[in-house]
2 protein chains.
Amino acid sequence: MPTIKDVAKRAGVAVSTASYALSGNKKIKGSTREKVLAAAKELNYRKNGLAMDLKKNKTKTIALILSDLTGPFYSELIRGVQELVLEKGYDLIVCSSYGDESSTAVKFLRETRTDGVILLAHNIENSFIQGSAREGFPIIVLDRYVTGDPNIISINVNNVNGGYKATDYLIRNGKKSVAFISGPSNSADSNDRYKGYLNALKDHGQTPLSKWILNGNFTQEGGYQATKMLIHQGEMPESIFFANDEMAIGGLEALKESEIRVPGDISIIGFDDIQLAPYLSPPLTTMRQPKYEIGKLASHVIFQVLERVQVKESYSFDTELVERSSC
Amino acid sequence: MPTIKDVAKRAGVAVSTASYALSGNKKIKGSTREKVLAAAKELNYRKNGLAMDLKKNKTKTIALILSDLTGPFYSELIRGVQELVLEKGYDLIVCSSYGDESSTAVKFLRETRTDGVILLAHNIENSFIQGSAREGFPIIVLDRYVTGDPNIISINVNNVNGGYKATDYLIRNGKKSVAFISGPSNSADSNDRYKGYLNALKDHGQTPLSKWILNGNFTQEGGYQATKMLIHQGEMPESIFFANDEMAIGGLEALKESEIRVPGDISIIGFDDIQLAPYLSPPLTTMRQPKYEIGKLASHVIFQVLERVQVKESYSFDTELVERSSC
DNA sequence: CTGTTAGCGCATTCAC
DNA sequence: GTGAATGCGCTAACAG
């Protein structure tokens, strides 16, 4: 790999001259510029971005870290983030936190490779995030509430309220019982939705039954298994609240296999409003998260911090009930 | 931001000693190691990954560049790529080529920021790719056939054949006419599927009608518009071949709006077999691309090149008809 | 205008 | 074991 030094030598100029010429600085005479450019082309010269970033102490890239690249991608979120990031002349890279703390996330959280990160990955622990924050390196956390560092900003959806609204909707529609399929126990999102579920139950004078509270791990397969379990238990609830849409898809499958009709025999509601939701049969009633808006805000806030303007330490969004045909 | 120098100073040792201690080299005495680690912790020291990569002249990361992060993400592809990349101890970052040649792609294609790239982005021109290849920097191109450089490897799906099979299937099922909705004109994928379409038509003695050949730009909206156009034209074909599933989704919508029944009044077939396909109503018949296998091979090949083992300059996969209910 | 030079933060000889 | 010195490729004073 030829370096700028090789280019300079070939063009018969000093390194700095080559550098200036390459970056289009106008203080270089036209003819010398040509010479340099020609030399660069002949050698097939490629600038080393790493060296540049190191020198400038700035990468002009933002990382978006997701727990799973292969899941139903939050494309709305990405769109929100990407728009502003590109507009600001920055680049966006997205990577996975798969593999916990030995994962790619470490590289980008710990080792100064981007100018900031937006994090939506429940498998990374709070303490790790806190240990990664530092002056001038903002971390925007999207799925929980992390305090104690001015460089960590939390953006959340009001999950307790969302869980409440979902459960309340079911009960108001006359359902005498509602089961809850949760996400992983370390997910604050899931736990909060559960809290809302509990609150709604209480307000309506219903008692939570542990046999109707199962873990579905936020995955389609998990939702399928949990629903199967529910079915095998014999007595079915009149409705199920899945803590995310993916699990609801699995649930729908399990129900169909047992020829239990939705919404005829049982009502189900999801959470998130993923792209697929309207295409399911029946189209899934769910709690919509304003993903685009969240992405937009996340990127907005990250640049605020980068530009050293004061921001709040946390933001919150509300969810919205999207009525389709599964209830 | 404290550097290793600060850590060394604080611990009262030389920089190299600190470096050794931090990276766990056993030639450092236990007690000095403790001192260094303590100093690092007190200062909240973070290694600068850029400096390290620069020094080592290796990033241990592979970039996957997609034309659009916000589209229906090829999650199977990513899964295939990610598995091997992680296994090899590398990291994967994915970024978008949105914005053409002023895009993020440039940064990763041109400026030595990763050890190689896998590219699926029809909006990047061949010449740009060829100009980016260099010794020891493999580029795996997934949506076309690029020759002339040992560091560029093409992996393709046999689109001509796929287009043929799709069209042939429709005709064999008794359809007297089949319309074709294409992708962007610069997409080799789309053009090849079109060729297959033409071939099949010819083999069955049908003549392509220009009014039944429309551009849908590979997007849902494009497919919707193209189908609308088809409808407004008056005379409808007995079947439509959408060059990708996304456009078929849009088409399904347009058809539903005009109360044209699928497959009752018209048959439609897509291409790709995206995650959503089985959930559409009716479930979409389509040509499946072995996305997981492609991803797997792409990552396999990239490491082959990195390890300087000889590889073929191009690979090819076949498509497979997935019969569902839209025909 | 152009060239010399000093780092950016780190890993790595090579002496001691 | 430890420390001083060197260089990865590049930019940006500063000097000419």
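Just so it is clear: chains get the letters A, B, ... in the order the sequence lines come, proteins before strands, and each one is counted from 1.
Comparing atom distances between the A/I4 side chain and each of C/dG3, D/dG3, D/dC10 picks out D/dC10 as nearest. Out of C/dC10, C/dG3, D/dC10, the shortest distance to the side chain of B/Y45 is found at C/dC10. Listed nucleotides: C/dG9, D/dT2, D/dC10. Nearest to the side chain of B/I28: D/dT2. Among C/dC10, D/dC10, C/dG3, the nucleotide with an atom closest to any side-chain atom of B/A51 is C/dC10. Minimum atom distance to the side chain of A/K55 is reached by D/dG9, of the listed D/dG1, D/dG9, D/dC8. Each of C/dT2, D/dT2, D/dG3 was ranked by its minimum atom distance to the side chain of B/K29; first place goes to D/dT2. The side chain of B/T32 lies closest to D/dT2 when the candidates are D/dA13, D/dT2, C/dC10.
Distance B/N48 CG to C/dG7 P: 18 Å, rounded to the nearest Å. What separates CG of A/N25 from P of C/dT2 is a distance of 11 Å, to the nearest Å. Atom CG in A/N57 sits about 15 Å away from atom C1' in D/dA12, given to the nearest Å. Atom-to-atom, CE of A/M52 to P of C/dC8 comes out at 17 Å; the value is rounded to the nearest Å. Taking atom NZ of residue A/K58 and atom P of nucleotide D/dT11, one finds them 15 Å apart after rounding to whole Å. Atom OH of B/Y20 and atom P of D/dG3 are 12 Å apart (whole Å). Rounded to an integer number of Å, the gap from NZ of B/K27 to P of C/dC14 is 11 Å. The interatomic distance linking B/K60 (NZ) with C/dA11 (P) rounds to 15 Å, in whole Å.
For the residue pair B/S67/B/N123, the side-chain donor-acceptor check at 3.5 Å is not satisfied.
Between A/S19 and the phosphate of D/dA12, there is no side-chain N or O to OP1/OP2 separation shorter than 4.0 Å. In this structure, B/S16 does not reach the D/dT2 phosphate: none of its side-chain N or O atoms is under 4.0 Å from OP1 or OP2.
A/R33 forms no cation-pi arrangement with A/Y20, by the criterion of a distance under 6.0 Å to the ring centre and an angle within 45° of the ring axis.
A salt bridge links A/K88 with A/E307: at least one charged nitrogen is closer than 4.0 Å to a carboxylate oxygen.
Closest-nucleotide positions on DNA chain D for B/K26 and B/K56 were compared, and the one nearer the 5' end corresponds to B/K26.
Residue contacts shown for B/R33 are absent, as no nucleic acid heavy atom lies under 4.0 Å away. Within 4.0 Å (heavy atoms only), A/V13 reaches sugar-phosphate atoms of the nucleic acid but no base atom.
Closest non-hydrogen pair, A/H122 versus A/D143, comes out as N-OD2, 3.2 Å.
Side-chain atoms of A/D6 come within 3.5 Å of backbone N or O of A/T3 as a donor-acceptor pair.
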